[in-house]
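Single-structure report; data block below.
Atoms considered below: every heavy atom in the structure, side chains included; atoms not considered: hydrogens, waters and symmetry mates. On a predicted model such as this, the values are computed, not experimentally measured, just so you know. Residue numbers run from 1 in the order of the sequence given.
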Amino acid sequence: MFPVADRSRSCYSTTLKFLNEPLNATDLCDTFKKLAHRQTAVVPALANVMEQIVALDLQRVAPPMQPTWSRLQTEFTQMHAVCRNNAGYLHGRFNMFSAMILPYMAKNLTNETPHMRREKAQVLKSFVEISLSHAAYTASCVETFLDSVGGLTSFHHDIVQLSSQRMSTGHQERLNLCSKFQQHVAVTKELYHDVRQSNGIVVLFNNAFALIFRTSKVKIDSSDCKYLEPEIFERFDIIYSEAVHANYAAQVSQRQTDALAGTRAAISSFAFDVSALFNHAMIFLTSAWLVLENDCSQLANWLQSDDTDVPACLEMYMNHGRTLYGPIVTALETYLAECSHPSG
């Protein structure tokens with residue numbers, strides 16, 4: 001567990017107030033609902049691309065691609081289930097922390113005995129052990145996601161190369177497309193590295209929500225929350241936009257009647273969308289676990305010291321009766337409910 005920056009209490013307060021604003025809480029639920037719809041739509045999209053690949057393999061215009069895409073289809077179908085499972089674990093831990101752990105930590109503070117303090121420390125330790133195992137699962141899922149995106153990148157590169165061999169025009173556009181997709185994957189990996197090295201509350205406020213919402217209403221400028229340089233997130237958005245434009249340019253330059261080119265275009269569009277979509281979900285989950293870990297670390301240090309200055313999460317609960325976790329729990333409930341509905 002890592003130490004908290006000196007100004008994190010102010011950032012914590014800013015984030016808590018922001019999330020508990022009724023309009024922002026509603027927007028958060030709407031965003032998670034849309035995220036669930038988009039993720040659920042990935043499964044039929046994968047099947048649609050598979051139909052095109054099967055038809056292409058029957059024409060024997062290229063080496064068989066069905067086995068490779070079948071593996072990728074399985075991986076990204078599982079990724080949808082992985083995001084849903086991770087969200088379920090996070091929902092359970094957040095709900096327990098706000099409804100049970102924080103009230104227990106706030107109990108009898110004015111006449112707390114050493115024995116009561118030790119009991120609180122033991123309860124917190126048990127909670128942390130289970131939470132860390134769930135957080136480790138999310139971290140392993142991120143690695144699996146990045147591996148799957150790497151496989152998708154290789155498949156995309158191969159089909160672009162095959163498409164170029166069959167067409168005399170649009171060569172430069174297709175080269176640019178491959179380059180942009182590789183940059184997109186590289187900046188995604190950088191993004192996770194930066195998130196893991198940063199304060200979770202800052203990512204949650206300044207970046208993760210901005211990536212998911214993509215609305216100016218969320219990108220609040222607060223000097224209290226600017227510990228993580230935003231350049232990496234700006235680069236992600238820029239490269240994603242450039243990749244989408246490169247895909248459009250490559251599609252315009254190709255013969256619309258060419259089956260291989262048509263399949264290439266479908267795979268390119270899917271690849272950019274699905275990698276960005278699951279990236280947003282994984283960034284949120286990663287930063288959310290960091291926030292919980294951070295709060296638990298502060299509580300544990302406080303319980304082991306004689307400091308009367310309670311941690312930020314407990315102070316906000318005691319003084320305002322609100323937590324950072326309540327609005328997120330509600331949003332995750334919306335997400336989980338929508339994920340259970342088949343895509344139409």
message: If you apply the rule side-chain hydrogen bond (donor to acceptor under 3.5 Å, both in side chains), what do you find for S297 with E293, and how did you get there?
response: CA-CA 6 Å; S297 178; E293 181 180 344; over 6 Å; no
task: For side-chain contact (heavy atoms from CB on, under 4.5 Å), just list the numbers for V291 and Y325, CA-CA rounded to whole Å, side-chain angles, deciding distance to a tenth of an Å, and then say yes or no.
output: CA-CA 10 Å; V291 171; Y325 302 95; 3.8 Å; yes
Trace of the side-chain contact (heavy atoms from CB on, under 4.5 Å) decision for N111 with N108: CA-CA 6 Å; N111 57 350; N108 296 323; 3.6 Å; yes
task: I would like to know whether E333 and H91 meet side-chain contact (heavy atoms from CB on, under 4.5 Å); could you show each step before the answer?
output: CA-CA 7 Å; E333 287 171 355; H91 172 270; 3.0 Å; yes
field: Step-by-step side-chain contact (heavy atoms from CB on, under 4.5 Å) determination, F270 to N48
entry: CA-CA 10 Å; F270 173 82; N48 179 61; over 6 Å; no
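In this structure, L285 CG and T138 OG1 are separated by 5.5 Å, a value rounded to the nearest 0.5 Å. Here the straight-line distance linking atom CD1 of I53 with atom CD of Q73 works out to 8.5 Å at 0.5 Å rounding. One finds the SG atom of C141 at 10.5 Å from the CD atom of Q78 (value rounded to the nearest 0.5 Å). The structure places CD of E315 at 7.0 Å from CG of D309, a figure rounded to the nearest 0.5 Å. For the atom pair D147 CG and E75 CD, the distance stands at 8.0 Å (nearest 0.5 Å). Remark: F127 CZ to L132 CG distance equals 9.5 Å, nearest 0.5 Å.
The shortest non-hydrogen separation linking L72 to S148 is CD2-O, 4.0 Å. Contact detail for P64 and D57: the closest heavy-atom pair is CA-OD1, 3.6 Å. The nearest pair of heavy atoms linking T334 to C29 is CG2-O, 3.6 Å. For the pair Q298 and A312, the tightest heavy-atom approach, listed with the atom from each and the gap, is OE1-N, 4.0 Å. Residue L28 comes nearest to A331 through the heavy atom pair CG-CB, 3.6 Å, listed as atom of the first residue, atom of the second, then distance. Residues S131 and R93 share a closest heavy-atom pair of OG-CD, 2.9 Å.
Ring planes of W69 and F155: tilted class, angle from 30 to 60°.
Between the side chains of S133 and E129, no donor-acceptor pair is found at a separation under 3.5 Å.
With a 4.5 Å cut-off on side-chain heavy atoms, Q39 and Y335 count as touching. Residues V329 and L332 fail the side-chain proximity criterion, which asks for heavy atoms closer than 4.5 Å. Between H80 and F278, the closest side-chain pair of non-hydrogen atoms falls below 4.5 Å. When side chains are defined from C-beta on, C296 counts as touching L292, because their heavy atoms get closer than 4.5 Å. Contact of the H37 side chain with the E338 side chain is registered, since non-hydrogen atoms from C-beta on lie closer than 4.5 Å. Considering only heavy atoms from C-beta on, F284 comes within 4.5 Å of L90 through its side chain. Side-chain contact between V82 and M282 is present, with at least one heavy-atom pair separated by less than 4.5 Å. Under the 4.5 Å side-chain criterion, counting only non-hydrogen atoms from C-beta, P311 is not in contact with D295.
Clustering ILVMFWY residues whenever any of their side-chain heavy atoms sit less than 4.5 angstrom apart, transitively, puts I130 in a cluster other than the one holding M105. In this structure, L124 is not a member of the same hydrophobic cluster as M116, with clusters built from ILVMFWY side-chain heavy atoms closer than 4.5 Å. If you chain together hydrophobic residues whose side chains sit under 4.5 Å apart, M79 and V43 never meet in one group.
Between the side chain of S70 and the main chain of Q66, no donor-acceptor pair closer than 3.5 Å is present. Although no hydrogens or angles enter the test, the distance criterion places a donor-acceptor pair under 3.5 Å between the side chain of N20 and the main chain of L16.
Under the side-chain contact (heavy atoms from CB on, under 4.5 Å) criterion, A106 pairs with L314, Y317, M318, not counting sequence neighbours.
Atom NE2 of H245 has 12 or fewer neighbouring heavy atoms from other residues, nucleotides or ligands inside a 6.0 Å radius.
Ionic pairing of E21 and K17 is not present here: no N-O contact between side-chain nitrogen and carboxylate oxygen is shorter than 4.0 angstrom. Comment: E112 engages K120 in a salt bridge, judged by a side-chain N to carboxylate O separation of less than 4.0 angstrom.
With a 6.0 Å cutoff to the six-membered ring centre and a 45° limit on the axis angle, R117 counts as a cation-pi contact of W302.
A ring-centre distance under 6.0 Å is not found for Y104 and F97.
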